[in-house]
There are 2 protein chains.
Amino acid sequence: MAQKPTPLREQTRSVVRSLLARTAIDLFATKGYDNTTLEEVAAAAGISRRTLFNYFGSKEDLALSGLAEQGDLIAARLAERPADEDAWTALRAAFQVLEEIDMTPEARLEFITLLFGNDSLRAGHAEKQARWQNLLAPLIEPRLPDSEHRTLQARAIAAAAITCLQVANEEWVRLDGQADMLDLYDTAVQAIHRP
Amino acid sequence: MAQKPTPLREQTRSVVRSLLARTAIDLFATKGYDNTTLEEVAAAAGISRRTLFNYFGSKEDLALSGLAEQGDLIAARLAERPADEDAWTALRAAFQVLEEIDMTPEARLEFITLLFGNDSLRAGHAEKQARWQNLLAPLIEPRLPDSEHRTLQARAIAAAAITCLQVANEEWVRLDGQADMLDLYDTAVQAIHRP
DNA sequence: CACGCTATTGCACTGAGTGCAACAGACTGC
DNA sequence: GCAGTCTGTTGCACTCAGTGCAATAGCGTG
């Protein structure tokens, strides 16, 4: 029991987590985030309010847990890219993973609309993406030419790429999903590369 | 009374606001954001908790009200720049206004440290800066060459510039204020301009 | 069957945020 | 000086997010 702290528990736990998140997001999307109490979410999931807090630290977590996973996915994909690949090319390839996520366009649109429709969720979203920087920057740094400020440069590139992704996302929502998100991303990146 | 809805009231109100914000930030910085209740802030300012809510919509607002003003300052400065000036040049010039704000380096460092030391404040910070985009992007768009995606491009540039500012800020805190913030900004911008 | 581990749950409490109604002070017209 | 209005302040009661604690229920193991 020392080596294996019961991975089965971990497994069921993460299944329950994503199930709860799904239930919650559905409720949020239909009733509105602010008009939905955790009491209701718990009831809909058939558990107690207190137990909900065993799975998620806050109401925001419940809505945004998916984002943390996305960050991990992107980082993992980025780490797999060839070491000599250009930073922007590698990032672009890593972002491709977002298109492969098991989620219908409708669900994705619903989710992002939810995100942008509430102040504290938008804030949490922005913060979560800011954390992606910490995951991506170390993977970008070795791809840059030697320089005194390489660490800063890596952070800037990671942050800027994520920002472009965010801008593309916003535009994608504005267009009601009637466009390819990564195309929009490419346009955004083009815009900042050269004056 | 129709034309002038007593601008005097507006004036005193904004004075009281900044006074309250100052008091609150001092408390937050010494006791910690989470360990400070609005009850205490109100007491320190000599008003009631309820009245505090007449001036600020939330605890976060109390800590971050300065940021909204900064955004307005930057936008105002940007609007003053010559219309034919390059977007990045104009932005860089507009950001200069941040150095002119009446705030000792110690106070600024204290404030930013406060910002980065708390999850929800970091989130609020990120969100406030995201709102700057909405102010700056329309001022940038006319500076870009005609294109199908000019609006998207303008948003991307505004967002990227703000992101670089944020990265520079983080680095500036990491260096304990021992550097010129705009120099760091320039380095960050350089890094993303060229593939 | 009994034991121990862990997740679940209820309960009570703090603190943010809101709606409402009472109140105090300033300013106006008489 | 006095009555009336307008507005900012305050207290009160309430909802809801989030936390600590202690009791309990469920489950695998001896």
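These numbers come from the heavy atoms of this one structure, side chains and all, not from hydrogens, waters or symmetry mates. Each chain gets a letter, A, B and so on, in the order its sequence line appears, and its residues count up from 1.
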Exercise for review: Name all residues meeting the salt bridge (Lys or Arg N to Asp or Glu O under 4.0 Å) criterion together with Glu99(A); count only those two or more places apart in sequence or in a different chain, and write none if there are none.
Suggested key: none
Point to revise | Taking every non-hydrogen atom, the tightest pair across Ile192(A) and Trp88(A) | key: CD1-CH2, 4.1 Å
**Study point:** Value in whole Å for how far the C1' atom of dG17(C) lies from NZ of Lys59(A)
**Key:** 13 Å
Review point. Would one find more than 12 heavy atoms of other residues, nucleotides or ligands at under 6.0 Å from atom CD of Glu100(B)?
Key: yes
Point to revise | Leu20(B) vs Ile47(B) side-chain heavy atoms within contact, under 4.5 Å | key: yes
Study note, to complete from the structure: Between CG of Asp61(B) and P of dG17(C) the distance, given in whole Å, is 9 Å
Study note, to complete from the structure: Expected list for residues 47-54 of chain B near DNA chain D, using heavy atoms below 4.0 Å, is Ile47(B), Ser48(B), Arg50(B), Thr51(B), Asn54(B)
**Study point:** Which atom of Leu64(B) lies closest to which atom of Lys128(B), heavy atoms considered
**Key:** O-CE, 3.7 Å
Practice item. Let me know, please, whether Ser58(A) or Gly46(B) comes out on the 5' side of the other along DNA chain D by nearest nucleotide. Key: Gly46(B)
Review point. Arg92(A): what forms a salt bridge (Lys or Arg N to Asp or Glu O under 4.0 Å) with it, not counting sequence neighbours?
Key: Asp186(A)
Practice item. State whether the number of non-hydrogen atoms from other residues, nucleotides or ligands found under 6.0 Å of Arg13(A) atom CZ is greater than 12. Key: yes
Review point. Leu135(A) versus Ile74(A): any side-chain heavy-atom pair under 4.5 Å?
Key: no
Check your understanding: Under a 4.0 Å heavy-atom cut-off, which of residues 16-45 of chain B touch DNA chain C?
Key -> Thr36(B), Thr37(B), Leu38(B)
What's touching nucleotides 24-26 of chain D from the protein side, N or O pairs under 3.5 Å?
none

**Study point:** Counterpart residues, salt bridge (Lys or Arg N to Asp or Glu O under 4.0 Å), relative to Asp84(B) (two or more places apart)
**Key:** none
Point to revise | For Glu110(A), salt bridge (Lys or Arg N to Asp or Glu O under 4.0 Å) partners two or more places apart | key: none
Exercise for review: Return the set of residues passing side-chain contact (heavy atoms from CB on, under 4.5 Å) with Ala44(B) (not counting sequence neighbours), or none when no residue passes.
Suggested key: Thr23(B), Leu27(B)
Exercise for review: Show your working on side-chain contact (heavy atoms from CB on, under 4.5 Å) between Arg155(A) and Asn134(A) and close with a plain yes or no.
Suggested key: CA-CA 8 Å; Arg155(A) 295 193 68 83; Asn134(A) 301 328; 2.9 Å; yes
Point to revise | Five-pair end axes of the helix from dC1(C)-dG30(D) to dC30(C)-dG1(D), angle between them (10°) | key: 10°
Check your understanding: Glu69(B): what forms a side-chain contact (heavy atoms from CB on, under 4.5 Å) with it, not counting sequence neighbours?
Key -> none
Check your understanding: Within a reach of under 6.0 Å around CZ of Arg22(A), are more than 12 heavy atoms found that belong to other residues, nucleotides or ligands?
Key -> no
Exercise for review: May I have the distance from Tyr55(B) (atom OH) to dT7(D) (atom P), rounded to whole angstrom?
Suggested key: 15 Å
Check your understanding: Looking at DNA chain C, which of residues 110-125 of chain B put a heavy atom within less than 4.0 Å of it?
Key -> none
Review item, side-chain donor-acceptor pairs of residues 176-183 of chain A, under 3.5 Å, at least two apart:
from, atom 1, to, atom 2, distance (Å)
Asp180(A), OD2, Leu182(A), N, 3.3
Asp180(A), OD2, Asp183(A), N, 3.1

